[in-house]
Structure formats: structure tokens, C-alpha cells
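The residues of the chain are indexed from 1 along the displayed sequence.
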Amino acid sequence: MMRSLYSGVSGLQNHQTRMDVIGNNVANVNTTGFKRGRVNFQDMISQQLSGAAKPTDEVGGVNPKEVGLGMSVASIDTIFTQGNLQSTGVSTDMAIQGNGFFVMKNGEETFYTRAGAFSVDQNGTLVNPANGMRVQGWMARDINGEQVLTTAASPTDLVIPVGSKDPAKATQNVNFACNLNKNTPEIMEGASDADVAKGTWNTEFKIYDSFGNTHNLAVSFTRVPGNPNQWRANVQIDPENADQTQTRVGLGTTDGVENTFLINFDNTGTLQSVTDTAGNVSNPVGNVVLQASFNVPESNDNEDGTPYRQTINIDLGTIGSQRNTITQSASKSSTKAYAQDGYTMGYLDNFKIDSSGTITGVYSNGTNRTIGQIALASFANQNGLEKAGDNTYVESNNSGLAKIGESGIAGNGKLLAGALEMSNVDLTEQFTDMIVTQRGFQSNAKTIQTADTLLETVLSLKR
């Protein structure tokens, strides 16, 4: 009877533990990134009244006689199934679809979380605003004007410098891909202004100097009389100020040349060669790149007193190709320069985060810059993590060390910006478990009551 009393007590205690876990699950049904708990029971050691006996020649085998001494909690597991993703429209909110945890720092302590409700503090640091923990990742480094991410390095705090300046950059390369109409009339000597206009195709494109000032790159194309597959191009930087800019264009150099060059096409309208006024001819294969130089107005003169000249590369495309290349076809002259790499000074207006966790800054001058990348951590045994409160976890002896890497690589899930992962608590399942747990608790209470009645009967034998 005493055994049944203590068995019932163990049942009461451990069903109460299960109810505690269920209550915590229900309480966190709307907690961002929460992962529900689950209680598993096991029986306790049994008292053996008699052992087993093997068969003999006379009788068969005898099974052991054992009385169980109750039950205990086998484990309390954290179930890391995927929670539903809820769109919030907040650019700093992030959800993980798949495995992985965000890496957070509080001083030198490292924490891990699935809750991605982040924001930027007054220093531009990406943090959890509820507790100030700093989100970890990799900041991009400027190497020769390119923003480079080194994800093999140790992660650090992510800082988004909202309002920071992006300095102006002088145009270095301009790409042309216009078509010159094969049927454009030739301009004969003594032609009227109207005929000159009909026989000329003009293109204009904005370029920038090192101060961020805008200049007008004007290139006009005219047919060469007597040669149906040859055009003369005239290049001017700021045509209304041509005497000051003194534009020059050539192959490999702008010394000793003028501001014109000849373009030669084959009978299919494909670019064949280019010749400058010094007689230099482009290579028979590869891209045709001319250099154009001009005086930059209102700039400091060089040490020798000559005006400061800026040089840009004009890429006409690939010899023998008609893709992104200047061509001559019997259709309307069209397009113009389609790309240049200069810009004026700008300020960081906004930023966006893609599925790889890369943070890209959007500047007011139209440029985009890689700022950093969010790190994710995975574990050999994520169920071995210890809960540290505030929706965070820490490593334990059985979780294994954190393997920190990029989103979508080495088992890490993908990131979704502007969304949060909801709790994975299913109320229907929890309420069902609550009913089962309640019945289990009541049944164990009934065991104690019945054992007490038996003891009372024993005590009454003396009467």
C-alpha cells in the first residue's frame, strides 16, 4: 500500500510538471519565435519480488515478479518546428525559414534567438530593442572602391550608418550601344542646315567630374560621303562650353588627336574597326575602347599651370558582335550611351535586406552599397541549448559549438526581411494535452485516496 501511495505522489508531481510546461506554451502562444516544450514520462525503477527462472527438464521458465515504484520525467524537449511567418512591412524585422539562429551579443556574452524583431539604435547599431542585445554579422570593407564581405572572419556588431555620405565619383567608363541607320543620307558639301540635321544622329549623356558636377557628353554621328559603311563621330563635353573643355578623343591616348574618330562597319552592319585622327586603328578583336579627355571647369590647375583634365573611357562594344555594341542596320537610329559609372555625392536614405542576409544601402545619388551581412548559427544538437530568457538560448555541454555562417549555406535557413516568425504553439494540441494531463492528475489523486482507504481499513482491524 505504501508503494501505491508514493507511486500516486510521483504521478501527481510529474503531471503537475507537465501542466507547468503546457501552461508556459499557452502563455507564449503569441510570443515571436517561441518554440513549444514537450514533456516525456518514463517509469521509475521496479521492486523485484522474485527473479526470472529458466526452463528445466521438469518445468518451464518463470517470469520475474516486479512492482513499479511510480514514474518520473524522462525529458522536457524544445520542439524546433517551423513557426508561421507573418509579414510586418518593417524593414528591420527578419524571420528565418529553416534551421538556424540569429547571433546576439551582450558585452562578451553570446546568445542565440529565433526572434527577429530588430531595430537600429541612435548609433546605427542593429539591436533587439527589447534588451539592447547587438545583432552580429560581417561589415563590408572598402577595397579599391569595391565593398567586400569576408564571411570567414569573426562576426561583429552590424552598424547601418543612416545619413552617412557617399562621396562623388568621377565617370571613368561610358558604354555605347546605339544603332546608326544605314539609310541615313550623306551630308554633301554645301548642304543646308535642314539636310545636315537629317544626316546627323546626336546622342547626349550625363557624366560627372570628381566634384560631382554634371557634364554633357555629346556625340554626333554623320555618314562619310562615298563610303556606305563608314561614319564620322564628333565628341564634345559640354558643347556650349567647347572652347574651355577642349575635348580630345583617341585610341590609347588623347595626345595629338582631335575630337573626332571614324567608325567602320562590315556589310552586315557589324562593328569592324575604329580609327582616330592620328591614324591609330583599333585591335581586330575584342572591345573597342576610346579615351576622351577634357578640361574640368573651375578646378585647380596642375603644378605646371596646365588645366586639370579628366579622362573617360568610351566603350563602343565588341568587334564582330551586335549585342550591346554600336551597329549599322537599316532601321531608325536609336538608343544612345546606356551606362556610366559616375555619380554625385549622396546620403544613405534607406537600406534593404535580402534572403542571404546582405544589407544593402540605398543612397540619394542612386547608388547602392553593400553595408554588411547578418550571421546565422547552427548546432549539431539544437535541442541541447539552454533557455536564457528574452527568447534567447545559450550553448550547453550537449548542444555542441555554434557553427556560424551565411544564410542558406551549410544547413542554415534563408532569411525573409519584413516578416517575423510566430510561435509554433498549436492551441488545439495544447488544450488536448491539458485534458489528458488533468485526467492523469485526477487518476493519480484517486490512487492515493484508494490507498488511504485501504490503510484506514487496516487500522480498523484492531477495533
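Side-chain contact check for K182 and S329: no donor-acceptor pair (N or O, by modelled atom type) lies under 3.5 Å. Side-chain atoms of S273 and N264 form a donor-acceptor pair, as typed in the model, at a separation below 3.5 Å. A donor and an acceptor atom, one from each side chain of T392 and D390, are nowhere located under 3.5 Å apart. Q340 and T171 share a donor-acceptor pair across their side chains, judged by distance under 3.5 Å alone. In summary, the side chains of T268 and D266 do present a donor paired with an acceptor at a separation below 3.5 Å, with no hydrogens or angles considered. Judged by distance alone, the side chains of S378 and N99 never bring a donor and an acceptor atom under 3.5 Å apart. T245 and D238 form no side-chain donor-acceptor contact under 3.5 Å, judged by distance and modelled atom types alone. A donor-acceptor contact closer than 3.5 angstrom is absent between the side chains of N179 and K332. At a cut-off of 3.5 Å, with distance as the only test, a side-chain donor of N365 or T367 sits close to an acceptor on the other residue. Side-chain N/O atoms of R134 and T125 include no donor and acceptor closer than 3.5 Å. Side chains of D341 and N173: a donor on one and an acceptor on the other come within 3.5 Å. Remark: the Q147 side chain and the D142 side chain contain an N/O donor-acceptor pair separated by less than 3.5 Å.
When atom types are taken as modelled, the side chain of R36 and the backbone of N25 share no donor-acceptor pair closer than 3.5 angstrom. No side-chain donor-acceptor contact under 3.5 Å links R232 to the backbone of T260. Side chain of T254 to main chain of R248: no donor-acceptor pair is present (N/O by atom type, distance under 3.5 Å, no hydrogens or angles). A distance-only check finds a donor-acceptor pair linking the side chain of Q310 to the backbone of Y208 [under 3.5 Å]. Between the side chain of Q82 and the main chain of G98, a donor-acceptor pair closer than 3.5 Å is present. Within the 3.5 Å criterion, the main-chain N or O of N28 finds a donor-acceptor partner in the side chain of S423. Side chain of T325 to main chain of R323: a donor-acceptor pair is present (N/O by atom type, distance under 3.5 Å, no hydrogens or angles). Between the side chain of R114 and the backbone N or O of G100 there is at least one donor-acceptor pair closer than 3.5 Å.
Classified by interplanar angle (parallel below 30°, tilted 30° to 60°, perpendicular above 60°), the ring pair H15/F41 is tilted. Ring geometry for F101 against Y393 counts as perpendicular: the plane angle is over 60°, on a 0 to 90° scale with 30° as the lower cut.
Between F118 and F102, the ring center distance clears the sub-6.0 Å criterion.
To the nearest 0.5 angstrom, T247 atom OG1 is 5.0 Å from Q236 atom CD. We find the CG-CG distance between D354 and L416 to be 11.0 Å, quoted to the nearest 0.5 Å. Interatomic distance, CD of Q291 versus CD1 of I312, reported as 10.0 Å (0.5 Å rounding). To the nearest 0.5 Å, atoms CZ (F205) and CG (N175) are separated by 9.0 Å. Rounded to the nearest 0.5 Å, atoms CE (M104) and CG (D157) are 10.0 Å apart. Interatomic distance, CG of L126 versus CG of D121, reported as 9.0 Å (0.5 Å rounding).
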